[in-house]
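The structure appears below as structure tokens.
In what follows, chains carry the letters A, B, and so on, assigned in the order in which the sequence lines appear, proteins first and then strands, with residues in each chain numbered from 1.
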Amino acid sequence: MRHAGRASHYRGCGDPFQGLWLLHHRLQAVGGQEACGRVLGRQEVQRLRRFLHGQETQEDRSGILTLGADRLREALQQVVDALGAAGTEVLLERPRDPTHGDLATSVALQLAKPLRKRPRELAETILDRLQVPAGLVSRTEVAGPGFINFWLAESALSDVLVRILTQGSAFGRSGTGTGRRVNVEFVSANPTGPLHVGHGRGAALGDAVASLLQATGHDVVREFYVNDAGLQIERLAASLWARVQQAVGREAELPEGGYHGLYLEELAQQILEAEGKQFADLPAEEGLERVRDIAVRTQRAEQDRDLAEFGVRFDAVFSESELYRGDELQQTLNELEARQLTYERDGAVWLRTSAFGDEKDRVLRKQDGSFTYFLPDLAYHRNKAGRGFDRAIDVWGADHHGYVPRMRAALTALGAADDFFHALIVQLVRVMRHGQEVRFSKRTGDFVTLRDLYQETGVDAARYFFLMRKGDAQFVFDIDLATKQSEENPVYYVQYAHTRMAGIFRTANVAPADVSADGADLSLLVEVLEQDLIKRLGELPVQVERAAEAMEPHRIIAYLEEIARLVNAWYHHHRVVGVGEGLERARLVLARAAQIVLANGLNLLGITAPERM
RNA sequence: GCGCCCGUAGCUCAGCUGGACAGAGCAUCGGCCUUCUAAGCCGAGGGUCCCAGGUUCGAGUCCUGGCGGGCGCACCA
């Protein structure tokens, strides 16, 4: 096991050009439309839709609320630059404390020293000079040591809802990574046995990271690498052959370092049933070869089945044996030699990885003339680069983290860009059941398989649990908690919020997809919970970008739990159906937006968003 | 011995890449189902952010040194 875990109803403004007027103002984010409410005409919606669509690839990245924070940031930046601090980048953040506004910046604090001014005075100066895009901000203040806080105008909020409903399942996507080709390699379990819980964590993480990268515009290939050559496979074959012999009553011993798992005994039985008892009489050499092929095929098929049931699909499966067939090992070696990066010592061929940041040089070809595992791995990653990938992301188990520096060093030696190779390290999983740790070990045959796990907990629960923690944190999987179909189980919380939105549409007798902002007066959404929820819903694209950049899916889980909490609270305190036509329309829009965000987020993680539970 | 990761509430873990009083879930205690699913909502208690220095206007976050836990240090894969 190399990679272990590897609008149109008018409200009486009487202006025949209201639609255009509104549109213009919305696009310019000029305020003053309060008197006209925020009733959207159908044309307006369509034009806004086109506008939004064209903007998709140039998303703002700084802001919390998508359709405006960026302009505010730029306005601030202009003031800062004019003050003679051009090197300082203005950052807008959402304060933790809501009494500090919707957006805040600490530039005045940062600039106080270099400009030799008092932070609060500087903040006032910045505010004086700031040309706040009107219609976006309703209030500003200087607070604390010199923070500048902004409160968003209501119109900015309804823009968020329109945007979400308009984009639908595409909401959350962006184009940050457009044009970048990324290979995400994960699981990559040896075909020597069933996938275990550690592989599950790698599978959930790799798949989610791949989805995050796709959502940000990257061109992604999910790849599975099969170590179908080498010592482990020989041991597997020898183990299976021994089991075949034992199954016909002969004395046979498993090889040293062999595989003791029950699955090989079962496979031996199946082989004999299919091939007849005389199979055991084959000459050892032929028997071993037959049994090796059967073992690898069988194990791969089972792994694929388990992964498919777990909801993971690979775009490519790459076999180590392809490298041998294509002579790529030798080519890689030749290339390294040509670059004079190798030398011979003690009868072995070494690679000067230490010249590229590794702690010591590494052997490529052993004394006995055979290659180390390092060379095929190198050749494989060279192959990835050759296939045109800009980046190669590998999900590895923590037990291989020490392998990262030499891989990076070797790839640098081969001329790869610094950011070409990136290893995502996944800590091994400990499994608890009934308060006791379940040990698993492939060799002793005593372990919890991935299949056991998802059959017991369900795929959604298993994936959720794997993803709710940072990959490189040690993690205890509590089977009892994951299995509980009750409020104690965190998996259902987010799904339930989604289900409740679906319930509203059932009661209202509308198809969710038919809910539209057209004709809805979104200014009626005045409740605190509603406004908080809207602000947070608008963050999805930013959250996805950040999670993709950090390659940390657990951030999406944390965000979704926050959304679910706001949704559940809103649901509990405010009714939608039967509260009066106008308000009901507006709230249906909000419910739909919430449903979209929850569904998009869950789908990104490979978790279903059920209509009913 | 060296390297990497982790150390935050009783437990499992977040903390938006240095911001304003440190959060969630579970567990504990109290309240809420004639109304869109109570798998829910509202509230309470609970903290030396491992320790000690340092950088900074500001540190859970960055630096150094300790302590504790995991993993790794092969001509094994």
Side-chain angles (χ1 to χ4, degrees), chain A residues 1-4 64 91 93-97 99-100 104-106 109-110 112-113 118-119 143-147 149 190 192 227 230-233 235 257 345-350 359-360 362-368 370-374 376-377 397-405 425 427-428 430 432 465 468-470 472-478 481 484-493 495-497 499-508 539 542-543 546-547 549-550 554-555 557-559 561-562 564-565 567-573 575-579 587 591 612-613:
Chain A
M1 179 176 67
R2 188 178 67 89
H3 300 134
I64 300 307
L91 289 174
E93 297 181 326
R94 175 173 49 79
R96 291 182 209 175
D97 186 334
T99 64
H100 294 142
T105 181
S106 61
L109 288 164
Q110 290 165 36
K113 196 166 191 179
R118 284 180 214 172
F147 291 100
N149 299 335
N190 282 349
T192 54
N227 287 104
L231 185 64
Q232 295 306 319
I233 298 297
R235 286 178 176 168
R345 195 180 73 202
D346 304 331
V349 177
W350 297 68
E359 58 186 22
K360 53 181 278 193
R362 307 292 174 174
V363 171
L364 292 173
R365 193 169 62 207
K366 302 185 234 179
Q367 277 184 336
D368 64 9
S370 66
F371 297 131
T372 60
Y373 58 90
F374 187 36
D377 276 353
D399 51 341
H400 292 96
H401 79 268
Y403 192 58
V404 174
I425 298 304
Q427 292 289 338
L428 302 183
R430 297 197 302 156
M432 296 289 284
F465 269 65
M468 64 185 182
R469 307 300 179 211
K470 227 188 313 196
D472 63 2
Q474 293 155 40
F475 168 58
V476 176
F477 195 117
D478 185 339
L481 182 58
K484 273 185 187 162
Q485 305 242 334
S486 74
E487 73 277 0
E488 293 158 65
N489 192 332
V491 183
Y492 301 111
Y493 192 77
Q495 290 186 318
Y496 189 56
T499 299
R500 283 179 142 178
M501 298 303 100
I504 291 172
F505 301 128
R506 275 196 298 274
T507 305
E539 288 179 24
V542 175
Q543 295 286 353
R546 287 180 181 159
E549 193 174 333
H554 78 275
R555 296 188 187 207
I557 295 240
Y559 170 71
E561 286 181 355
E562 178 70 25
R565 190 161 59 246
V567 165
N568 280 324
W570 174 67
Y571 179 91
H572 183 83
H573 290 284
R575 292 188 56 80
V576 175
V577 181
V579 291
R587 286 185 172 165
R612 294 175 191 273
M613 285 173 68

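- Taking CE of M501(A) as the reference point, atom CG of N568(A) lies at 7.0 Å (rounded to 0.5 Å).
- Distance CG (D472(A)) to C1' (C5(B)): 6 Å, rounded to an integer number of Å.
- Backbone-only engagement by R500(A) is indicated by non-hydrogen atom pairs under 4.0 Å involving sugar-phosphate atoms exclusively.
- Look at A24(B): its Watson-Crick or wobble partner, with both distances under 3.5 angstrom, is U12(B).
- For P145(A), the side-chain atoms get nearest to G19(B) when compared with the rest of C42(B), G19(B), C36(B).
- Taking the side chain of D399(A) as heavy atoms from C-beta on, and the options C71(B), C75(B), U12(B), the nearest nucleotide is C71(B).
- Heavy atoms only, all atoms of each residue included: Q427(A) and A398(A) are closest at OE1-CB, 3.5 Å.
- A donor-acceptor contact under 3.5 angstrom links the side-chain atoms of H401(A) to the base of C71(B).
- To the nearest angstrom, P of C41(B) lies 17 Å from CZ of R575(A).
- Annotation: A9(B) and C50(B) have their P atoms spaced 8 Å apart (nearest Å).
- Evaluation of F147(A) against the base of A20(B) yields a stacking contact (centre distance < 5.5 Å, interplanar angle < 30°).
- Both D368(A) and G144(A) sit near RNA chain B, but only G144(A) has its closest nucleotide nearer the 5' end.
- The side chain of Q367(A) lies closest to C75(B) when the candidates are G72(B), C75(B), A20(B).
- Between G45(B) and G10(B), the distance separating the two P atoms is 15 Å to the nearest Å.
- When the P atom is used for both U48(B) and U8(B), the distance is 12 Å, rounded to whole Å.
- The distance from atom CG of D377(A) to atom P of C76(B) is 14 Å, rounded to the nearest whole Å.
- Summarising the base pairing, G68(B) is matched to C6(B) through a Watson-Crick or G-U wobble pair whose two defining distances lie under 3.5 Å.
- With a cut-off of 3.5 Å on both Watson-Crick or G-U wobble distances, the partner of A59(B) is given as none.
- Taking atom OH of Y492(A) as the reference point, atom C1' of G25(B) lies 15 Å away to the nearest angstrom.
- Within 4.0 Å of A104(A), counting heavy atoms only, lies at least one base atom of the nucleic acid.
- Per the stacking criterion (ring centres < 5.5 Å, plane angle < 30°), H100(A) stacks onto the base of A20(B).
- Using P as the reference atom, A27(B) and G40(B) are 10 Å apart when rounded to the nearest Å.
- Ranking A20(B), G15(B), U17(B) by closeness to the K470(A) side chain, first place goes to G15(B).
- The base of A77(B) sits within donor-acceptor range of the side chain of Y373(A), with an N or O pair under 3.5 Å.
- R506(A) comes within 4.0 angstrom of a base, heavy atoms only.
- Between G46(B) and A24(B), the distance separating the two C1' atoms is 14 Å to the nearest Å.
- Counting any heavy atom pair closer than 4.0 Å across all strands shown, A348(A) reaches a base atom.
- Using a 4.0 Å cut-off, no side-chain N or O of H572(A) falls inside it from OP1 or OP2 of C36(B).
- As a whole-Å value, the separation of N227(A) CG from C76(B) P is 15 Å.
- Across every non-hydrogen atom of R587(A) and W570(A), the tightest pair is O-CH2, 3.7 Å.
- In this structure, OH of Y559(A) is placed 16 Å from C1' of A24(B), rounded to the nearest angstrom.
- Nucleotides G69(B) and G53(B) are separated by 24 Å at their P atoms, to the nearest Å.
- Taken to the nearest 0.5 Å, the OG1 atom of T372(A) stands 11.0 Å off from the CZ atom of R365(A).
- We find that CD of Q427(A) is positioned 7 Å from C1' of C6(B), with the value rounded to whole Å.
- Of the candidate nucleotides C75(B), G70(B), C57(B), C75(B) has the atom nearest to the side chain of D346(A).
- Between M501(A) atom CE and G40(B) atom P the separation is 14 Å, expressed in whole Å.
- Nearest nucleotide to the side chain of E359(A), out of C75(B), C73(B), U17(B): C73(B).
- Residue contacts shown for Y493(A) are limited to sugar-phosphate atoms, with no base heavy atom under 4.0 Å away.
- Residue-level contact check: Q110(A) touches the bases, meaning some heavy atom is under 4.0 Å from a base atom.
- One N or O donor and one acceptor, one from the side chain of N149(A) and one from the base of A20(B), sit under 3.5 Å apart.
- U35(B) takes the anti form, because its glycosidic angle lies more than 90° either side of 0.
- Between A104(A) and H100(A) the shortest heavy-atom distance is CB-O, 4.4 Å.
- The R546(A) side chain lies nearest to U17(B) when the options are U17(B), A38(B), C57(B).
- Inspection of the Y403(A) and D377(A) side chains reveals an N or O donor paired with an N or O acceptor under 3.5 Å.
- Listed here is the closest heavy atom pair of Y493(A) and E561(A): CE2-O, 3.9 Å.
- Relative to the side chain of E561(A), the nucleotides G19(B), U35(B), A24(B) differ in distance, and A24(B) lies closest.
- Contact check, K366(A) against A74(B): no side-chain N or O comes under 4.0 Å of OP1 or OP2.
- Only the P atoms considered, G7(B) is 12 Å distant from C16(B), to the nearest whole Å.
- In C32(B) the O4'-C1'-N dihedral to the base is more than 90° from 0, which defines an anti nucleotide.
- Here the closest heavy-atom approach between residue P145(A) and residue P119(A) is recorded as O-CB, 3.2 Å.
- Taking atom C1' on both A22(B) and C4(B), the two are 28 Å apart, rounded to the nearest angstrom.
- U17(B) is unpaired under the Watson-Crick or G-U wobble criterion, no partner having all donor-acceptor distances under 3.5 Å.
- Of all nucleotides present, only C29(B) satisfies the Watson-Crick or G-U wobble test against G43(B), with each distance under 3.5 Å.
- Nearest-nucleotide positions on RNA chain B place A558(A) closer to the 5' end than the other of R565(A) and A558(A).
- Contact record, R612(A) with T499(A): CA-CG2, 3.6 Å, taken as the closest heavy-atom pair.
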